[in-house]
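Chain naming here is simple, since letters A, B, ... match the order of the sequence lines and numbering starts at 1 in each.
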Amino acid sequence: MAVQMDQLVALCKRRGFLFQSSEIYGGLQGFWDYGPLGVELKRNVREAWWRDMVTSHNELEIDNGAPATYEMAGIDCSIIMHSQVWKSSGHYDLFHDYMVDCRESKRRYRYDQVCGRWVTCKGQRIFVASDVSGDEAIELTQHKAMKFFNLRGKDADQLAWDGTLISLTNVPNFGEVLGPDAKTLGTLTEPREFNLMFKTIAGALGGEEDTVFLRPETAQGIFVNFKNVCDSTRVRVPFGIAQMGKSFRNEITPRNFTFRSREFEQMEIEFFCHPASSPQWYKYWRDRRYQWYLSLGLAGERLRLRDHEKEELSHYSVGTADIEYAFPFLAPGEFGELEGVAHRGDFDLRSHIEGKLVRKGDELVVELDAEGKPRHRGSGKDLSYFDELTKERFVPHVIEPSAGADRATLAFLCEAYNEDEAPDENGKPTKRVFLKLHPRLAPIKVAVFPLVKKDGMPEVAREIYKTLKPHMTVFYDEKGAVGRRYRRQDEVGTPFCITVDSQTLEDGTVTVRDRDSLAQWRVHKDECLGDLRSRLST
RNA sequence: GCGGGUGUAGCUCAACGGUAGAGCGGUAGCCUUCCAAGCUACUUACGAGGGUUCGACUCCCUUCACCCGCUCCA
């Protein structure tokens with residue numbers, strides 16, 4: 001059943017999962033607060049990820065589907081890092097300029113770096129654009145113009161070039177522009193300023209040189225600590241470094257509840273391996289991460305693994321797959337990204353060694369400025385890896401499974417939202433709302449009730465509560481009718497309720513009630529803990 | 001970023017240029033022996049700022065937020 005998004009949003013607010021940030025001042029677009037139950041849910045998502053990916057990983061055995069054994073290590077880096085990190089990584093240029101997008105090729109160009117030439121042919125005057133410069137651009141624009149006007153080599157003189165290369169910034173009407181990778185006219189969008197990184201000041205004086213940025217991704221903290229982790233832990237390639245933490249992007253249009261937020265939490269792994277085995281590792285991580293969401297309850301028909309088309313790949317990527325979920329706020333048939341698994345080659349480590357890289361043909365080379373020096377220099381540190389066994393030195397290739405904790409949490413909430421009918425006290429079916437959360441994710445694992453507030457039942461129930469409390473999140477409630485208390489727990493996804501009744505006073509057994517099936521069974525009160533633990537661990 | 005719509009109690013919804021009301025919920029008490037029962041009492045709101053007016057939740061302007069469509073989405 002498809003959840004209505006507004007119902008889920010209302011429930012999240014009503015029961016304390018999610019609130020708008022700064023709500024009493026009217027809210028702030030793109031920022032959200034997790035309430036008392038939401039924080040438990042998100043913590044459970046993060047803990048499941050950390051436990052499954054890092055702490056419970058067995059490096060002595062080959063995991064199902066993996067090409068070999070491997071190690072995992074965790075890290076927690078600062079949010080504000082050296083500005084040079086973002087310059088070398090390419091984020092600074094990408095996030096800090098006037099950019100134009102091509103609607104046809106889906107590529108994005110820096111407005112001031114696109115140049116081109118005016119040409120007239122067959123009575124039509126167009127601007128042929130190029131994202132390279134110099135002789136290369138002359139050649140490329142010539143070639144593109146020939147193709148556009150459908151000319152053969154011998155007809156080259158039909159092209160009337162008007163002046164030499166000029167910047168795209170001199171062209172007023174983009175309707176006459178043939179984009180660098182486009183086949184039709186007018187595919188470039190108007191130039192737009194991109195300040196996608198949040199800027200702040202480190203240092204009390206706050207000059208321009210003190211400008212720093214809140215990280216737009218956690219990944220770079222891992223790359224710049226690659227050598228530190230190698231040197232301090234005795235890990236050997238292949239191994240992965242995991243990190244969870246907040247990232248910040250000044251999104252232009254935050255939309256769809258928490259799906260696209262300006263402050264969000266990532267769960268990222270950078271997995272370092274030998275270039276030769278990297279395709280197998282890529283496949284392993286892609287499949288493993290997909291299975292992870294399935295194992296926590298996302299339904300197969302709403303979750304998909306989508307390999308990117310070749311044209312869709314980033315300039316550095318050898319292969320990328322998205323794990324996507326059919327969120328209820330999307331049109332039918334559309335999916336939203338939960339996680340991207342990317343084969344990034346040696347792009348990241350090389351960037352931090354040599355400086356910002358750009359693609360030239362099939363190769364990645366250091367981008368140069370007008371004087372022929374690196375546009376953004378790297379650290380100059382040797383981040384290559386020496387394999388003691390094979391005596392081989394190489395820059396490891398990287399597989400990056402990068403997940404959004406808030407997006408995963410939202411997907412689990414959407415998936416969990418259910419309505420059915422349960423009989424009321426007269427046996428008449430009434431509507432019931434319940435969150436069918438996986439027990440690992442449920443904010444409250446069990447609720448304990450006395451059936452009625454007398455005859456010594458509250459005392460027994462409180463005893464059970466006290467016994468369970470050190471081991472799991474437990475909720476105690478003795479107010480009102482028991483049916484109402486069940487419904488309240490259903491609405492926040494509590495998998496089990498324990499009820500102390502008159503029979504408890506006779507033989508010590510209590511009723512355990514299941515959220516999804518409404519089934520009830522009896523367990524001795526002293527065995528509650530063990531019984532619940534085995535049920536919750538599945 | 002553009003266009004359209006919506007903002008009243010925790011939620012769902014009324015009303016009116018002149019004292020803002022209901023249902024559900026919540027709290028407390030009574031009562032209740034397994035799926036939102038009943039009774040009593042209490043609780044809480046006009047998104048924000050400005051203007052018009054004797055008086056604005058209502059009319060006007062600005063702004064903020066949310067929803068829908070387009071655009072965009074490392």
Side-chain angles (χ1 to χ4, degrees), chain A residues 4-7 9-16 19-32 35 86 89-96 99-101 103 106 108 189-194 196-197 215-217 219-220 247-257 259-260 266 314-317 320 322 329 331 336-337 340 342 344 400 402 420-434 449-455 457 478-491 497-505 510-515 518-520 522:
Chain A
Q4 289 303 306
M5 205 55 202
D6 49 354
Q7 292 177 311
V9 173
L11 184 143
C12 283
K13 162 126 207 242
R14 188 168 72 244
R15 300 309 306 269
F19 309 122
Q20 226 186 329
S21 168
S22 319
E23 194 189 278
I24 62 168
Y25 285 104
L28 190 59
Q29 203 185 20
F31 297 92
W32 299 90
W86 308 112
S89 70
H91 288 89
Y92 181 85
D93 288 347
L94 193 62
F95 285 9
H96 265 88
M99 309 291 285
V100 294
D101 290 285
R103 297 187 187 94
K106 302 292 179 198
R108 172 169 293 163
T189 62
E190 288 301 306
R192 280 166 301 189
E193 191 179 1
F194 276 67
L196 293 192
M197 285 200 289
R215 64 184 178 198
E217 62 171 39
Q220 298 305 321
S247 290
F248 303 81
R249 285 182 205 177
N250 218 342
E251 296 287 355
I252 297 161
T253 41
R255 203 54 87 85
N256 292 330
F257 207 22
F259 182 76
R260 178 169 296 132
Q266 292 185 295
S314 312
H315 56 289
Y316 47 75
S317 185
T320 298
D322 281 346
F329 49 76
E337 181 182 344
R344 296 174 62 96
E400 177 189 78
S402 171
D420 68 358
E421 294 199 327
D424 66 9
E425 53 151 13
N426 300 318
K428 210 179 89 188
T430 54
K431 185 179 134 183
R432 179 177 79 120
V433 172
F434 66 112
F449 310 141
L451 185 59
V452 288
K453 203 167 54 174
K454 60 180 188 185
D455 299 341
M457 293 182 202
E478 59 182 27
K479 305 285 167 54
V482 72
R484 173 182 299 254
R485 286 177 264 159
Y486 285 147
R487 293 295 179 93
R488 272 199 286 248
Q489 293 306 312
D490 289 340
E491 206 178 44
C497 295
I498 289 176
T499 304
V500 171
D501 52 30
S502 53
Q503 194 180 333
T504 310
L505 307 175
V510 295
T511 302
V512 183
R513 179 254 195 195
D514 179 77
R515 174 195 66 199
L518 305 180
Q520 302 194 138
R522 298 197 75 86

Between [options], which one does the side chain of [X] approach most closely?
| X | options | result |
| --- | --- | --- |
| A:K13 | B:C68, B:G10, B:C35 | B:G10 |
| A:R488 | B:U33, B:G26, B:C34 | B:G26 |
| A:K453 | B:G29, B:U33, B:C35 | B:G29 |
| A:S502 | B:U33, B:C66, B:A36 | B:U33 |
| A:L518 | B:C66, B:C35, B:C34 | B:C35 |
| A:E491 | B:U33, B:A36, B:C68 | B:A36 |
| A:R484 | B:A36, B:A28, B:U32 | B:A36 |
| A:Q20 | B:U32, B:C66, B:C67 | B:C66 |

For [X], report the nucleic acid contact type (base, sugar-phosphate, nothing); a contact means any heavy atom under 4.0 Å.
| X | answer |
| --- | --- |
| A:K479 | sugar-phosphate |
| A:R255 | base |
| A:R432 | nothing |
| A:F257 | sugar-phosphate |
| A:D455 | base |

Using both distances under 3.5 Å as the test, list the Watson-Crick or G-U wobble partner of [N], or none.
| N | result |
| --- | --- |
| B:U44 | none |
| B:C66 | B:G5 |
| B:C39 | B:G29 |
| B:A20 | none |

Pair of N/O donor and acceptor under 3.5 Å linking [N] base with [X] side chain:
| X | N | result |
| --- | --- | --- |
| A:Q520 | B:C35 | yes |
| A:R487 | B:A36 | yes |
| A:Y486 | B:C34 | yes |

For this session: Starting from the C-alpha separation in whole Å, work towards a yes-or-no answer on side chain to side chain donor-acceptor pair (under 3.5 Å) for A:Q266 and A:S247.
Result: CA-CA 7 Å; A:Q266 292 185 295; A:S247 290; 2.7 Å; yes
In this structure, how many angstroms lie between the [atom2] atom of [N] and the [atom1] atom of [X], rounded?
| X | N | atom1 | atom2 | value |
| --- | --- | --- | --- | --- |
| A:F31 | B:C66 | CZ | C1' | 16 Å |
| A:Y25 | B:U63 | OH | P | 21 Å |
| A:Q29 | B:G1 | CD | C1' | 12 Å |
| A:R14 | B:C24 | CZ | P | 15 Å |
| A:I24 | B:G49 | CD1 | C1' | 17 Å |
| A:R522 | B:U33 | CZ | P | 16 Å |
| A:K431 | B:U12 | NZ | P | 12 Å |
| A:N256 | B:U71 | CG | P | 15 Å |

Exercise. On the ring face of A:F434, is A:R515 found with NZ or CZ under 6.0 Å from the centre and within 45° of the axis?
Worked result: no
Exercise. If you measure only the distance, is there a donor-acceptor pair under 3.5 Å linking the side chains of A:S502 and A:D455?
Worked result: no
Rounded distance in Å between the [atom1] positions of [N] and [M]:
| N | M | atom1 | result |
| --- | --- | --- | --- |
| B:A36 | B:G26 | C1' | 14 Å |
| B:G23 | B:A14 | P | 16 Å |
| B:U44 | B:G3 | C1' | 37 Å |
| B:G51 | B:A45 | P | 25 Å |
| B:A22 | B:A9 | C1' | 11 Å |
| B:U43 | B:C57 | P | 23 Å |
| B:U53 | B:C60 | C1' | 12 Å |
| B:G7 | B:G47 | C1' | 6 Å |

Flag the pair [X] / [Y] as yes when at least one side-chain heavy-atom distance between them is below 4.5 Å, and no otherwise.
| X | Y | result |
| --- | --- | --- |
| A:T504 | A:R522 | yes |
| A:Y486 | A:T499 | yes |
| A:W86 | A:R215 | yes |

Seminar exercise, completed: 5'-most contact on RNA chain B (nearest-nucleotide basis), A:P254 vs A:M457, goes to A:M457
Seminar exercise, completed: Per nearest nucleotide of RNA chain B, the residue lying toward the 5' end, A:D490 or A:V9, is A:D490
For this session: Decide side-chain contact (heavy atoms from CB on, under 4.5 Å) for A:M197 and A:N250; before the verdict, give the C-alpha distance in whole Å, the side-chain angles of both, and the deciding distance to 0.1 Å.
Result: CA-CA 6 Å; A:M197 285 200 289; A:N250 218 342; over 6 Å; no
Problem set entry | Electrostatic pair A:E421:A:R432 at N-O distance under 4.0 angstrom | no
